[in-house]
Amino acid sequence: MSRSALKLRSWPLTILYYLLPFAVLKPLVTVGWRPTSRVALYKSVPTRLLSRAWGRLNQVELPTWLRKPVYSLYIWTFGVNMKEAAVEDLHQYRNLSEFFRRKLKPQVRPVCDSHSVISPSDGKILHFGRVKNCVVEQVKGVTYSLESFLGPQTWTENQLQKSSFQDQLVTQEGNELYHCVIYLAPGDYHCFHSPTDWNVHHRRHFPGSLMSVNPGVARWIKELFCYNERVVLTGGWKHGFFSLTAVGATNVGSIQIYFDRDLQTNRPRYNKGSYNDLSYVTNNTQDGIVMRKGDQLGEFNLGSTIVLIFEAPKDFNFNLKPGQKIHFGEAVGSL
């Protein structure tokens, strides 16, 4: 058999290559066969379809007798603290979706008044700091393009004469661009809130893949956040540009923004690389959507990621450590 004929990239052989000891398929490798990379193999998984199926399963009402054992298993697996839930009785959650989107008691998440930016959600800090050279780190050492992530700067008419995309976002002289990435695990509180006082002017929805955003996966798929479906909210705060992006993930096809009922995520069909824009600035709402620090903003159906990208003076300081657990309302940083 010719060498070219054996350069197979069939999925069954590739899967066996990663599951079985290397020696089992060594004869094929020696004559020219090469396995498809783990990244390519993972990208071929129909995560959008699986996420829609998972979403429908979540809506199925569970018999009352089954609710406690099902939810208790989830609580044990992901370390959920039900003492913080507004409704602690597991029998009251009719389906998995209601349980995932449970609300918290108001007093368990006080909003920090002494810092200008707070955490919009519960989660784990993956990375934070200044944006440099138009790239952002999703985890330490793994970057993605700022312009690919946010899309072209079309939500304002000025700044287009500046050389780099990063410079176009900075509206005030002497300011810098900062970022913060927060990973929401499956056991975390799934709602997210306004991280500061700001006005939301624009929404950009990128349909896309729904690959896992677990930090382990984020380490070996470069620009993961640019592949995944996401909703980018942009606007302004007292120091200039401010944005919050909700990034979808496997089994998190549903991203909901409470003030935007037209938003529909994880649709069956989409054009790769496309995006949909919506302006919240109209003749009747010149200021867009006014948000105050701590206001309810939206929710995921499971765990996912929030990315903050914002402009601030050079003396802005983060009150964070890489890898730390954080709760909604706790300090992110201030001047």
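Fair warning: this is a prediction, and the values are worked out from it, not measured in the lab.
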Only counting residues at least two apart or in another chain, list the ones meeting side chain to side chain contact (heavy atoms under 4.5 Å, CB included) with [X].
| X | result |
| --- | --- |
| D89 | H91, Q92 |
| S194 | W198, M291, D295 |
| L66 | L62, P63, P69, V70 |
| E330 | I326, H327 |

Are [X] and [Y] linked, directly or through other ILVMFWY residues, by side chains that come within less than 4.5 angstrom of each other?
| X | Y | result |
| --- | --- | --- |
| V281 | V232 | no |
| V290 | V117 | no |
| L263 | I289 | yes |
| L297 | L278 | yes |

Contact summary for I182 and P120, nearest pair of heavy atoms =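 Answer, listing the atom of I182 first, then P120: CD1-CD, 3.5 Å.
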key: Heavy-atom pair of closest approach, residues V131 and Q166   =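 V131 and Q166 have their closest heavy atoms at O-NE2, 2.9 Å.
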query = Passes side chain to side chain contact (heavy atoms under 4.5 Å, CB included), S116 versus W237? Steps please.
reply = CA-CA 10 Å; S116 54; W237 71 319; 4.0 Å; yes
Candidate pair L233 and T245, rule side chain to side chain contact (heavy atoms under 4.5 Å, CB included), full reasoning = CA-CA 6 Å; L233 301 178; T245 301; over 6 Å; no
Heavy atoms, side chains only, cut-off 4.5 Å: are [X] and [Y] in contact?
| X | Y | value |
| --- | --- | --- |
| L244 | I306 | yes |
| F318 | V332 | yes |
| N317 | S334 | no |
| V135 | Y144 | no |
| R230 | I255 | no |
| L90 | I75 | yes |
| F242 | T196 | yes |
| I118 | V111 | yes |

What is the distance from atom [atom1] of [X] to atom [atom2] of [Y], rounded to the nearest 0.5 Å?
| X | Y | atom1 | atom2 | value |
| --- | --- | --- | --- | --- |
| L96 | R67 | CG | CZ | 10.5 Å |
| E98 | F100 | CD | CZ | 11.5 Å |
| H202 | S279 | NE2 | OG | 6.5 Å |
| H205 | D277 | NE2 | CG | 11.5 Å |
| S164 | N133 | OG | CG | 9.0 Å |
| C134 | F149 | SG | CZ | 14.5 Å |

query = Within a radius of less than 6.0 Å around CZ of R94, do more than 12 heavy atoms belonging to other residues, nucleotides or ligands occur?
reply =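 Counting other residues, nucleotides and ligands, CZ of R94 stays at 12 neighbours or fewer.
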task = Quickly, which of H127, R130, K132 forms a side-chain hydrogen bond (donor to acceptor under 3.5 Å, both in side chains) with H179? Name it, please.
result =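 Output: one option passes, namely H127.
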query = What pairs of residues pass the salt bridge (Lys or Arg N to Asp or Glu O under 4.0 Å) test when at least one of them lies in residues 306-318, not counting sequence neighbours?
reply =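 Found none.
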By ring pair (Phe, Tyr, Trp, His ring centres under 6.0 Å) - contacts of F99 (at least two apart) =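 Partners of F99 under the ring pair (Phe, Tyr, Trp, His ring centres under 6.0 Å) test: Y71, Y74, Y93.
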inquiry  = Show, in sequence, the C-alpha distance, side-chain angles and deciding distance for E84 and Y189, and conclude whether the side chain to side chain donor-acceptor pair (under 3.5 Å) test is met.
reply    = CA-CA 10 Å; E84 297 179 335; Y189 170 54; over 6 Å; no
Below 4.0 angstrom, N of the basic side chain to O of the carboxylate: do [X] and [Y] qualify?
| X | Y | value |
| --- | --- | --- |
| R102 | E299 | no |
| D197 | K293 | no |
| D122 | R109 | yes |
| K105 | E88 | yes |

request  = Mark yes or no for whether N228, through its side chain, and G248, through its backbone, hold a donor-acceptor pair below 3.5 Å.
outcome  =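 Confirmed, N228 side chain pairs with G248 backbone.
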Suppose we call two aromatic rings close when their centres sit under 6.0 Å apart. Are [X] and [Y] close by that rule?
| X | Y | answer |
| --- | --- | --- |
| Y178 | F128 | no |
| F310 | F316 | yes |
| Y280 | H201 | no |

request  = For I309 and F241, run side chain to side chain contact (heavy atoms under 4.5 Å, CB included): C-alpha distance rounded to whole Å, both residues' side-chain angles, the deciding distance at 0.1 Å, then the answer.
outcome  = CA-CA 8 Å; I309 298 174; F241 173 78; 4.2 Å; yes
request  = Any chance you could lay out the side chain to side chain contact (heavy atoms under 4.5 Å, CB included) test for I257 and R203, step after step, and finish with the verdict?
outcome  = CA-CA 10 Å; I257 304 297; R203 179 258 284 168; 5.9 Å; no
task = Go through the steps for F328 and H193 under the test ring pair (Phe, Tyr, Trp, His ring centres under 6.0 Å), then give the verdict.
result = CA-CA 8 Å; F328 153 62; H193 300 247; 3.8 Å; yes
